Peer 1: 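Have a look at this one.
Along the sequence shown, the residues carry numbers beginning at 1. In each ligand, atom 1 is the first atom listed, and ligand 1 is the first ligand listed. All of these numbers come straight from a predicted model, not from anything done at the bench.
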Amino acid sequence: MKDVIYNEFNKANKLTFYNGDCSNLLKSLPDESVDLIITSPPYCMGKAYEDPHNDVATFRRQHESIFNDLYRVLKPGGSICWQVGYHVSERCVIPLDYIVYDIFIGKSSDKKYPLILRNRIVWTFGHGLNSSTRFSGRHEIILWFTKGDQYTFNLDNVRVPQKYPGKRSYKGPNAGKLSGNPLGKNPSDVWDIPNVKAKHVEKTNHPCQFPVAIPRRLICALTNKNGLVLDPFMGSGTTGLAAYIEGRRFVGSEIVKEYYDIATERLNDAINGDVKIREDKPVAEPAANTAVARLPEEFAKARSKNEETQSGG
Ligand SMILES: C[S@@+](CC[C@H](N)C(=O)[O-])C[C@H]1O[C@@H](n2cnc3c(N)ncnc32)[C@H](O)[C@@H]1O
């Protein structure tokens, strides 16, 4: 029988997409029912789906208003992964993960340290807006917290290929033996994964999707098969798609009907066997002899002129 997407949560559901405010969905979830929460919330930057008057104070208030329910629905040993970037204005950039961190570890409430930060993962990508007044932004952050000290971490599910798998120890009792893990290396806390721009195979009409590879890696590492994954701000349904591909249950909410419909269509495509994703494989280095990798002559001239200027010539 084909999998079905329900629009109201029931613990027997494999897949639930709720079209509405996440605070309503959260109220409908039982205590300690969710294994992993992954989301990328609105940054309050005037995107199409945001009130243009929203600012960093709104971001903080929105997080404070849902945090108690997020904490309540998470199982002991469960994880929360919050993917955020920067609030960028003419004057300055504000790291949103600082605000999330304060709230989630209980600094801004009477609860003391309800969650424990395990990693501050830097997600780096090659493309984005070019700035002429500061260094162009090419990373965002994923904060990974656990509820308690006993938590699921399946490192072997997410190992990545070593650059030099044949490397051997050169001293000590293991001298001469292969030094790496046969399954690959720990992916580290810096993840180089292309962001979803116009030509990306996963691109939909949603203005700011994250790639499936991000929630997929987190789901594989932090849950077991059939675990329940929640995304309160699911947008185009990327986390739901990753959960489905990896045999986990999913519940998510999206307030904008247009995005909710995109999410539903994406997941139904996957249910029907049509999965459009970029596999989580290392970003290829351009071959040195391809035309795009060669330095254009005018760039070479401009660079040598710049060098001359800088050396006072
Ligand atoms: C940054 S986007 C998430 C994108 C998503 N990770 C993806 O890959 O498509 C945040 C989403 O949260 C939705 N949203 C904003 N406020 C919401 C609320 N109170 N409840 C549910 N969804 C909300 C927005 O419409 C937007 O689609």
Peer 1: What atoms of ligand 1 come closer than 4.0 angstrom to any heavy atom of Val256?
Peer 2: 25 (O)
Peer 1: Nearest protein heavy-atom contact for atom 5 (C) of ligand 1: which residue, which atom, what distance?
Peer 2: Met234 O, 3.6 Å
Peer 1: For atom 7 (C) of ligand 1, which protein heavy atom lies nearest, and how many Å away is it?
Peer 2: Thr238 OG1, 3.4 Å
Peer 1: Give me the residue, atom name and distance of the protein heavy atom closest to atom 22 (N) of ligand 1.
Peer 2: Ile255 N, 3.3 Å
Peer 1: Between Phe250 and Lys14, is there a cation-pi geometry (under 6.0 Å to ring centre, at most 45° from the normal)?
Peer 2: no
Peer 1: Heavy atom of Pro211 under 4.0 Å from ligand 1?
Peer 2: no
Peer 1: For Pro232, state whether at least one heavy atom is located under 4.0 Å from any atom of ligand 1.
Peer 2: yes
Peer 1: Nearest protein heavy atom to atom 15 (C) of ligand 1, by residue and atom, and its distance?
Peer 2: Pro42 CG, 3.4 Å
Peer 1: In the protein, which heavy atom is nearest to atom 19 (N) of ligand 1, and how far is it?
Peer 2: Asp21 OD1, 3.3 Å
Peer 1: For atom 9 (O) of ligand 1, what's the nearest protein heavy atom and its distance?
Peer 2: Ser236 OG, 2.7 Å
Peer 1: Report, in ascending order of atom number, the atoms of ligand 1 lying under 4.0 Å from any heavy atom of Pro41.
Peer 2: 1 (C)
Peer 1: Hey, does the Lys NZ or Arg CZ of Arg217 hover above the aromatic six-ring of Trp191, less than 6.0 Å from the centre and inside 45° of the axis?
Peer 2: yes
Peer 1: For Asn7 and Asn19, which I'm curious about, is there any donor-acceptor pair between the side chains at under 3.5 Å?
Peer 2: no
Peer 1: Taking only heavy atoms of Gly20 into account, list the atoms of ligand 1 that are under 4.0 Å away from them.
Peer 2: 20 (N), 21 (C)
Peer 1: His206 to ligand 1: N or O pair under 3.5 Å?
Peer 2: yes
Peer 1: Can you tell me which residue and heavy atom of the protein come closest to atom 23 (C) of ligand 1, and the distance to 0.1 Å?
Peer 2: Phe233 CD2, 3.4 Å
Peer 1: Considering only the protein, which heavy-atom contact is closest to atom 26 (C) of ligand 1, and what is its distance?
Peer 2: Glu254 OE1, 3.5 Å
Peer 1: Check each of Val212, Asp269, Ile245 against Val275 using the side chain to side chain contact (heavy atoms under 4.5 Å, CB included) test, and report the only one that passes.
Peer 2: Ile245
